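Here's the structure we're looking at; comments come further down.
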Amino acid sequence: MGAPLYNPFMRAVSTTQHLPYRGRLAPSPTGLLHIGHACTFWTAFQRAQANRRTLVFRNEDLDPQRSKLEFARAMMEDLRWLGIRWQEGPDVGGPFAPYAQSARRDLYLDTWRKLRDAGCIYPCNCSRKDLANSAAAPNEEGDDEPFYPGRCREKLGAAKSHDTPQDVNWRFLVPDGETTEFDDLRQGRQHFVAGRDFGDFVIWRRDDVPAYQLAVVADDAAMRITEVVRGADLLKSTARQLLLIRALGLPVPAYYHCELMRDEQGVRLAKRHDALSLRALREQGRTPGDVLGLCGGQFF
Ligand SMILES: [Zn+2]
């Protein structure tokens, strides 16, 4: 394989530090929000309040199979019940509308084109079976994407012949061996090595849905987000997103990753923990104060 067509060191990176604070709540309507979400979103709300600035609600409903309108409705209702307020969102509008990812496809397509033209993505038609058979490192807990060994990298040169991303997976070529570092405002200094901690990740899916990494980077920049508050399960994704941000020449926001909540067995809370959903707690007669009391003082 030849050298990458782009040199990631060439681009000067700016930050959002000098801009007025803009935070975001970005839940996916794929289930009911649980107490872990409540704690993270409450932290995001508190940080925006402390800065006397804007909080944006963004509905991350990209996955047409898993996103449900009833869950979108429930998550806004549950967050409002908790006492969280936002100044921009699907319900209240705002200068960067629409605030649902399913309505922002043009932006994502434009972002895909920029990455294609920069020579840092390639089409991959490996099947799930191909990947299962490769000698990739096993996926560790908490990371959503299996390590991809880069077998389609030779198709990098063919990327420019594609006018649209459909029918194949598109992957971002990571600079192997390079360390991505960032200062997380909650978790401290972080570093991840490309090609070791994560491989070439998907930015557009074979079923013609933009991948999470691409959509989040495009939206945070377009909505002028200055600080990203989310769960610590996304720390490694932040390293991936920083590579995308650099390739696109976008400003880098600040990051604040909250601790993940676990159940009594030490299992990370997920949307399948229905008993700990805000809905269930509310039906049991718990108050917003009770719920926030369970967060264990992780705020600030
Ligand atoms: Zn492939």
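This one's a predicted model, so the numbers in the text were calculated from it and none came from an experiment.
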Side chain [X], main chain [Y], donor-acceptor under 3.5 Å:
{"X": "Arg58", "Y": "Gly89", "result": "no"}
{"X": "Lys236", "Y": "Asp197", "result": "yes"}
{"X": "Glu181", "Y": "His191", "result": "no"}
{"X": "Ser277", "Y": "Ala280", "result": "yes"}
{"X": "Asp184", "Y": "Arg189", "result": "no"}
{"X": "Gln187", "Y": "His257", "result": "yes"}
{"X": "Asp200", "Y": "Val174", "result": "yes"}
{"X": "His162", "Y": "Ala159", "result": "no"}

Answer yes when [X] and [Y] have at least one side-chain N-carboxylate O distance shorter than 4.0 Å, and no when they do not.
{"X": "Asp290", "Y": "Arg282", "answer": "no"}
{"X": "Asp61", "Y": "Lys68", "answer": "no"}
{"X": "Glu259", "Y": "Arg186", "answer": "yes"}
{"X": "Glu60", "Y": "Arg230", "answer": "no"}
{"X": "Lys114", "Y": "Asp110", "answer": "yes"}
{"X": "Asp208", "Y": "Arg105", "answer": "yes"}

Determine whether the interatomic SG-SG distance for Cys295 and Cys39 falls below 2.5 angstrom.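 Cysteines Cys39 and Cys295 qualify as a disulfide pair, their SG atoms being under 2.5 Å apart.
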
With the 4.5 Å side-chain cut-off for hydrophobic clustering, are [X] and [Y] part of the same group?
{"X": "Ile245", "Y": "Leu235", "value": "yes"}
{"X": "Leu79", "Y": "Met76", "value": "yes"}
{"X": "Val202", "Y": "Leu156", "value": "no"}
{"X": "Val209", "Y": "Val168", "value": "yes"}
{"X": "Leu244", "Y": "Leu242", "value": "yes"}

Using side-chain heavy atoms (C-beta onward) and a distance below 4.5 Å, is [X] in contact with [Y]?
{"X": "Pro210", "Y": "Leu62", "answer": "yes"}
{"X": "Val229", "Y": "Cys258", "answer": "yes"}
{"X": "Trp112", "Y": "Ile203", "answer": "yes"}
{"X": "Glu145", "Y": "Arg240", "answer": "yes"}
{"X": "Phe198", "Y": "Phe192", "answer": "yes"}
{"X": "Asp219", "Y": "Gln101", "answer": "yes"}
{"X": "Leu250", "Y": "Val217", "answer": "yes"}
{"X": "Leu214", "Y": "Phe172", "answer": "no"}

Flag if over 12 foreign heavy atoms under 6.0 Å of [atom1], [X]:
{"X": "Arg224", "atom1": "CZ", "value": "no"}
{"X": "Arg66", "atom1": "CZ", "value": "no"}
{"X": "Arg52", "atom1": "CZ", "value": "no"}
{"X": "Gln17", "atom1": "CD", "value": "no"}

List the atom of [X], the atom of [Y], and the distance in Å for their closest heavy-atom pair.
{"X": "Ala44", "Y": "Leu25", "answer": "CB-CD2, 3.9 Å"}
{"X": "Arg246", "Y": "Pro175", "answer": "NH2-CG, 4.1 Å"}
{"X": "Pro253", "Y": "Val228", "answer": "CG-CG2, 4.0 Å"}
{"X": "Arg153", "Y": "Leu173", "answer": "NE-CD1, 3.1 Å"}
{"X": "Leu33", "Y": "Pro27", "answer": "CD2-CB, 4.2 Å"}
{"X": "Val291", "Y": "Ile35", "answer": "O-CD1, 3.7 Å"}

Before giving the answer on salt bridge (charged side-chain N to carboxylate O under 4.0 Å, His left out), spell out for Asp78 and Arg279 the whole-Å C-alpha distance, their side-chain angles and the decisive distance to 0.1 Å. CA-CA 7 Å; Asp78 289 346; Arg279 215 21 80 108; 2.8 Å; yes

Would you give the length of the straight line joining atom [atom1] of [X] to atom [atom2] of [Y], rounded to the nearest 0.5 angstrom?
{"X": "Ile225", "Y": "Leu19", "atom1": "CD1", "atom2": "CG", "answer": "11.0 Å"}
{"X": "Lys155", "Y": "Tyr122", "atom1": "NZ", "atom2": "OH", "answer": "9.0 Å"}
{"X": "Gln241", "Y": "Phe182", "atom1": "CD", "atom2": "CZ", "answer": "9.5 Å"}
{"X": "Gln49", "Y": "Phe45", "atom1": "CD", "atom2": "CZ", "answer": "4.0 Å"}
{"X": "Arg104", "Y": "Tyr99", "atom1": "CZ", "atom2": "OH", "answer": "8.0 Å"}
{"X": "Ile84", "Y": "Trp42", "atom1": "CD1", "atom2": "CH2", "answer": "6.5 Å"}

One pair to check against side-chain contact (heavy atoms from CB on, under 4.5 Å): Asp63 and Arg205. What are the steps and the verdict? CA-CA 10 Å; Asp63 193 323; Arg205 291 173 12 187; 3.4 Å; yes

Consider salt bridge (Lys or Arg N to Asp or Glu O under 4.0 Å). Of Arg22, Arg47, Arg53, Arg24, which one does Glu227 pass it with?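 That would be Arg47; it is the only one of Arg22, Arg47, Arg53, Arg24 passing the salt bridge (Lys or Arg N to Asp or Glu O under 4.0 Å) with Glu227.
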
Hey, mind stepping through Cys152 and Cys124 against disulfide (SG to SG under 2.5 Å) and telling me if it holds? CA-CA 6 Å; Cys152 292; Cys124 163; 4.0 Å; no

So Leu115 and Leu248, side-chain contact (heavy atoms from CB on, under 4.5 Å) or not? Walk me through it. CA-CA 7 Å; Leu115 291 168; Leu248 291 162; 3.8 Å; yes

Taking atom types as modelled and ignoring hydrogens, do the side chains of Gln213 and Ser237 form a donor-acceptor contact shorter than 3.5 angstrom?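 Gln213 vs Ser237: donor-acceptor pair found between side chains.
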
Taking the cut-offs as 6.0 angstrom to the six-membered ring centre and 45 degrees off its axis, would you call Arg171 and Tyr148 a cation-pi pair?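 Yes.
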
Would you check, one step at a time, whether the test side-chain contact (heavy atoms from CB on, under 4.5 Å) holds for Glu88 with Thr54? CA-CA 8 Å; Glu88 297 173 25; Thr54 313; 3.5 Å; yes

Would you sort out whether Thr30 and Phe71 count as a side-chain contact (heavy atoms from CB on, under 4.5 Å), showing the intermediate values? CA-CA 6 Å; Thr30 55; Phe71 290 135; 5.6 Å; no

Take Arg73 and Asp91 through the test salt bridge (charged side-chain N to carboxylate O under 4.0 Å, His left out) and record every step on the way to the result. CA-CA 10 Å; Arg73 236 178 264 131; Asp91 53 340; over 6 Å; no

Hey, which of Ser28, Ser67, Pro98, Pro90 is the one that makes side chain to side chain contact (heavy atoms under 4.5 Å, CB included) with Asn59?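 For Asn59, the side chain to side chain contact (heavy atoms under 4.5 Å, CB included) check succeeds only for Pro90.
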
